[in-house]
There are 2 protein chains.
Amino acid sequence: MTERVSGASVTLLDVARAAGVSLATASRALNGSTRKVRPDLQERVLAAADALHYSANAQAQAMARGRTDIVGLIVSDVGDPYFSTIAAGAIRAAEQHRLVVTIACTFGREDRELDYVAALRSQRARAVIVAGSRVQDKALIERLGAEVRSFEQSGGRVAFISQRRIEADTVVLENRAGARALAEELCGLGHRRFAVLAGRPDLLTARDRSTGFREAATRAGARIEPSDIVHGGFTRDGGYAAMIELLDRGTDATCVFAVNDVMAVGAMAALRDRGVSLPSGMAVAGFDDIITLRDVSPALTTVRLPLEELGVWALDMVLQEPADQPRVRRVRGEVVLRESTPKLT
Amino acid sequence: MTERVSGASVTLLDVARAAGVSLATASRALNGSTRKVRPDLQERVLAAADALHYSANAQAQAMARGRTDIVGLIVSDVGDPYFSTIAAGAIRAAEQHRLVVTIACTFGREDRELDYVAALRSQRARAVIVAGSRVQDKALIERLGAEVRSFEQSGGRVAFISQRRIEADTVVLENRAGARALAEELCGLGHRRFAVLAGRPDLLTARDRSTGFREAATRAGARIEPSDIVHGGFTRDGGYAAMIELLDRGTDATCVFAVNDVMAVGAMAALRDRGVSLPSGMAVAGFDDIITLRDVSPALTTVRLPLEELGVWALDMVLQEPADQPRVRRVRGEVVLRESTPKLT
DNA sequence: CTGAAAGCGCTTACAG
DNA sequence: CTGAAAGCGCTTACAG
């Protein structure tokens with residue numbers, strides 16, 4: 001048992017000496033294209049590394065090689081199942097390529113995306129994936145675009161998941177079309193008066209869903225009163241509060257569309273708390289098809305998005321060489337009708 | 001507009017030259033203890049850095065400084081709300097200390113924790129937090145312990161969230177006590193025959209909860225038939241399958257305890273699919289109090305764990321200097337009775 | 001307060 | 001196939 005000072009690390013040089021070879025050979029034996037070092041030396045190096053419990057300094061390797069194995073993922077909140085599912089997909093895919101993913105959360109302060117991209121550039125991350133919704137803010141988009149360009153200029157790759165507002169590869173979510181399809185199905189069920197819990201008005205994702213829904217509903221001859229559109233947080237509590245607000249205002253809607261599932265669940269809770277029975281007293285629909293929420297009762301009608309795949313696809317994009325034109329992969333949601341929106345009789 | 005070769009980066013030396021100072025001064029002006037460089041030089045450096053859009057190479061800094069700002073978080077699956085909530089807490093806390101968190105998922109293969117800790121040692125991460133349950137596997141614990149010691153020896157800090165099986169700081173979850181308390185409350189409601197959806201038998205977390213529940217229930221005079229204990233996955237689908245299995249076996253239990261909330265929700269779905277009405281036909285209880293699941297109906301009785309705080313606390317631990325004795329912070333769950341377990345009349 | 005220089009731990013042309 | 005040496009981009013004693 002040899003004592004070792006805490007904090008002292010075994011270096012490649014130690015390994016080389018122990019194996020009686022040069023630094024270069026030790027390096028090649030451990031990480032180089034194997035076929036170029038004599039088998040016996042190779043073995044000695046491996047044995048020495050093992051005996052010394054050597055662990056290569058990834059920072060030093062990164063610097064010498066000029067690249068890292070880091071890919072950054074920027075989300076609003078990993079605690080939100082929408083993002084944690086995307087993250088799971090990205091991480092799963094990353095691991096197959098021996099990449100490490102770093103997660104940053106803006107917690108709703110979208111301007112922090114700027115800082116995070118900058119930090120990732122400083123880390124010399126291989127790539128960054130920005131998963132949150134773009135916001136309605138020209139100046140902010142402008143600045144983020146500049147930051148993204150800097151990142152790319154230093155050799156990194158960038159992909160977005162949401163809207164195509166910045167010149168970069170992006171997995172475009174067809175929120176508007178999805179919401180439209182949902183509205184049509186709901187009208188098909190007999191509904192003619194809807195309310196919309198629209199979420200944060202500056203978030204494009206919320207906005208697109210709300211707009212799409214209203215377009216299609218109106219076109220199908222349904223009515224949506226201005227007072228039946230309630231804005232608020234894009235969260236469970238936001239959905240709850242918005243539903244309460246709607247009830248307080250008074251509404252004759254027979255179906256309420258919350259722009260995402262967690263809001264829809266919040267709305268259901270509010271309805272229950274106010275003694276409205278579900279789904280007979282009010283039909284409810286959401287968007288996303290969050291897995292953890294598949295078992296709420298009544299089962300929630302929604303627009304399914306392949307969340308885990310979104311993470312995988314974004315990672316795949318970012319692993320490809322940049323194309324002349326930024327790539328776009330469009331993803332259409334699929335309407336899933338369930339118990340929360342029964343046929344109106 | 002100056003053309004710049006893609007991949008080429010502005011270095012500190014470029015900044016120093018542009019500002020007409022030495023490398024050392026540039027470094028100090030940018031990151032050193034500010035007070036030691038003449039204001040006018042400082043300003044020139046800052047201006048130059050800005051003009052060149054300089055971004056310090058974090059890898060190089062880390063190497064020169066001998067430490068990084070990375071803390072690794074190892075979980076089973078970020079897609080699971082239990083872990084994503086813990087992760088959110090850890091990330092939030094890390095950001096306050098300008099630390100970056102890296103997330104690794106074992107996806108149920110606990111032996112991968114070994115690889116991840118090793119990788120984190122290679123990254124020279126400042127610390128690692130292991131959040132998943134320990135497993136019943138002496139050899140594995142032994143090896144992980146060795147890996148942890150190596151990590152600490154190279155100057156890193158380690159904390160666990162779950163059971164205290166390894167010599168390191170840990171946030172200990174009092175699963176057994178929590179499950180006991182739950183069983184007592186349930187008996188207080190009049191139940192005398194229970195079933196337990198016990199999850200993976202090798203996961204200590206699942207085991208402790210199941211054991212604690214059975215102990216207290218039995219002590220209180222309740223009965224749990226061997227056939228009423230069903231093992232399976234520690235997941236939603238595991239809960240669903242276990243409940244179906246239980247129903248197929250036939251049971252006269254009036255209340256079923258699933259060792260975590262997602263399993264409980266799966267069980268509820270199974271009950272519904274089999275036409276059992278809730279909660280009158282079968283009472284259901286879970287464990288964790290997952291926020292996203294707070295709105296299921298009937299509202300789920302459970303044992304609340306301060307999940308987000310667990311992440312915060314673990315991060316705090318890992319930021320402290322190592323103590324002579326590893327620190328232990330015990331966390332007791334709090335029973336929350338809700339609609340899913342009405343009083344038995 | 002400032003600068004020249006050594007050093008952090010690797011990788012990789014470049015000779016041999 | 002192997003090794004000596006330069007270089008990756010910083011930080012930080014050490015002189016001045």
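A, B, ... follow the sequence lines: proteins, then strands. Residue 1 opens every chain.
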In whole angstroms, how far is the C1' atom of dT12(C) from the CD atom of Q61(A)? 13 Å
Nearest-Å distance, CZ (R124(A)) to C1' (dC8(D))? 11 Å
Quick check: on DNA chain C, is the nucleotide nearest S22(B) upstream (toward 5') of the one nearest M63(B), or the reverse? Name the residue that is more 5'. S22(B)
Within a strict 4.5 Å, meaning less than it, do heavy atoms of the T102(B) and L73(B) side chains meet? no
Watson-Crick or G-U wobble partner for dG3(C), using a 3.5 Å limit on both distances? dC14(D)
Taking CG from L30(A) and P from dC10(C), how many angstroms apart are they, rounded to a whole number? 9 Å
Looking only at the side chain of L23(A) (C-beta and beyond, no hydrogens), which of the listed nucleotides dT11(C), dT2(D), dG9(D) gets closest? dT11(C)
What's the closest nucleotide to the A24(B) side chain, out of dC10(C), dT2(D), dA4(C)? dA4(C)
dT11(D), OP1 or OP2 - any side-chain N/O from S27(B) closer than 4.0 Å? yes
State plainly whether the residues R329(B) and D169(B) are in salt-bridge range, i.e. N to O under 4.0 Å. no
Could you check how far CZ of R38(B) sits from C1' of dG3(C), rounded to whole Å? 13 Å
Looking at every strand, decide which applies to A56(A) at a 4.0 Å heavy-atom threshold: base, sugar-phosphate, or nothing. sugar-phosphate
Can you check the N57(B) CG to dC8(C) C1' distance for me, whole Å? 13 Å
Between P on dT11(C) and CG on L13(A), what's the gap in Å once rounded to a whole number? 13 Å
Could you check whether the side chain of R28(B) and the base of dG3(C) have a donor-acceptor pair of N or O atoms closer than 3.5 Å, going by distance alone? yes
Give a yes or no on whether the backbone of A146(A) and the side-chain of S150(A) come within a donor-acceptor separation of less than 3.5 Å. yes
Phosphate OP1/OP2 of dT11(C): any N31(A) side-chain N/O under 4.0 Å: yes
Side chain of L12(B): nearest nucleotide among dT2(D), dC8(D), dT11(D)? dT11(D)
How long is the line joining CZ of R121(A) and C1' of dG9(D), in whole Å? 15 Å
Report yes if at least one side-chain N or O of R65(A) is closer than 4.0 Å to OP1 or OP2 of dT11(C); otherwise report no. yes
Closest to the 5' end of DNA chain C, once D40(B) and A60(B) are matched to their nearest nucleotides, is D40(B)
Tell me whether the NZ or CZ atom of R134(B) lies within the 45° cone about the ring axis of F160(B) and under 6.0 Å from its centre. no
Near E43(A) CD, under 6.0 Å, is it more than 12 heavy atoms from other residues, nucleotides or ligands? no
